[in-house]
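Note sheet for the following structure.
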Amino acid sequence: MNEAGDRGPLTYAEAVHQLALLIPQGEVLSYGDVAELLGSGGARQVGKAMAMAPAGTPWWRVLKADGGIADPLMARAREHWIVEGLALPEKKVKMNQFRWNPTPKAWAQIDILRSLLGNPKMSELDDEL
């Protein structure tokens with residue numbers, strides 16, 4: 001965003017990173033959820049974007065569909081999961097329990113990201129994460 005608050009065009013990776021920043025502490029999304037919310041790409045594209053996430057991006061909140069994360073990231077992710085109340089004895093987060101359900105304000109921000117990628121707004125029927 002520039003000083004006037006206007007947003008210029010985004011790359012897909014930038015949109016993924018900005019969406020990850022919207023996910024509140026103690027909640028998660030899958031790679032596929034992120035792609036669906038953005039209206040383009042897929043789980044692999046989101047995973048690739050998250051691998052390039054800038055410092056400060058809560059990468060530990062974007063997970064595989066089964067609630068897991070790549071083994072090399074597990075130790076660091078678990079530290080964050082414990083702080084956020086997401087940690088389980090096994091190496092996964094219960095996606096059904098902790099999946100983020102965006103607020104109306106967050107939906108508006110997601111729609112901005114979608115539009116900056118050239119994708120239409122989500123309808124209420126699309127909102128079935």
Side-chain angles (χ1 to χ4, degrees):
M1 218 183 315
N2 66 24
E3 290 180 29
D6 298 326
R7 297 183 188 202
L10 293 177
T11 67
Y12 188 74
E14 290 168 334
V16 168
H17 303 153
Q18 288 191 24
L19 196 147
L21 289 167
L22 297 175
I23 304 169
Q25 182 175 339
E27 299 186 50
V28 297
L29 288 177
S30 71
Y31 298 122
D33 293 338
V34 171
E36 183 178 341
L37 287 172
L38 291 176
S40 60
R44 287 184 180 186
Q45 289 87 349
V46 172
K48 182 177 178 182
M50 289 305 294
M52 301 180 302
T57 304
W59 53 268
W60 59 92
R61 296 181 190 150
V62 182
L63 309 172
K64 296 178 186 178
D66 68 359
I69 198 160
D71 286 337
L73 299 173
M74 181 56 66
R76 288 184 21 221
R78 281 195 55 80
E79 291 174 15
H80 292 287
W81 293 351
I82 289 168
V83 170
E84 295 188 16
L86 299 167
L88 297 173
E90 59 269 12
K91 296 180 178 182
K92 295 183 181 180
V93 170
K94 290 185 179 179
M95 294 299 290
N96 290 338
Q97 182 178 351
F98 295 108
R99 180 174 273 121
W100 178 46
N101 184 16
T103 62
K105 181 179 178 181
W107 279 116
Q109 294 172 304
I110 292 166
D111 279 337
I112 291 169
L113 294 174
R114 287 176 69 98
S115 68
L116 291 171
L117 290 173
N119 299 323
K121 290 184 178 182
M122 286 188 88
S123 71
E124 288 186 33
L125 294 175
D126 292 331
D127 175 22
E128 295 184 15
L129 286 178

Check: [X] side chain, [Y] main-chain N or O, donor-acceptor pair, under 3.5 Å:
| X | Y | value |
| --- | --- | --- |
| His17 | Pro54 | no |
| Tyr12 | Ser40 | yes |
| Gln97 | Lys94 | no |
| Arg78 | Lys91 | no |

Taking all non-hydrogen atoms of both residues into account, name the closest pair between [X] and [Y] and its distance.
| X | Y | answer |
| --- | --- | --- |
| Ala35 | Ala43 | CB-N, 4.3 Å |
| Ile110 | Pro102 | CD1-CG, 3.9 Å |
| Leu63 | Met95 | CD1-SD, 4.0 Å |
| Ile23 | Arg61 | O-NH1, 2.8 Å |
| Glu27 | Leu86 | N-CD2, 4.3 Å |
| Ile69 | Lys64 | C-CE, 4.1 Å |

Applying side-chain contact (heavy atoms from CB on, under 4.5 Å) to Leu37 and Trp107, what does each step give before you reach the verdict? CA-CA 9 Å; Leu37 287 172; Trp107 279 116; 3.3 Å; yes

d(Leu73 CG, Arg76 CZ) to nearest 0.5 Å is 6.0 Å

NZ (Lys92) and CE (Met74) are apart, to the nearest 0.5 Å, by 9.0 Å

query: When clusters are formed by joining ILVMFWY residues with side-chain heavy atoms under 4.5 Å apart, either directly or through shared neighbours, do Tyr31 and Leu21 land in the same one?
result: no

- prompt: Are Met52 and Trp59 co-members of a hydrophobic cluster defined by side-chain heavy atoms under 4.5 Å apart?
  reply: no

Pair Trp60, Glu84: side-chain N/O donor-acceptor within cut-off below 3.5 Å:
yes

Does Asp71 CG have over 12 foreign heavy atoms under 6.0 Å away?
no

**OP:** Check the pair Leu19, Leu29 against side-chain contact (heavy atoms from CB on, under 4.5 Å), reporting the backbone distance first and the verdict last.
**Re:** CA-CA 10 Å; Leu19 196 147; Leu29 288 177; 3.8 Å; yes

In Val46, Leu117, Asp33, the residue satisfying side-chain contact (heavy atoms from CB on, under 4.5 Å) with Leu38 is Leu117

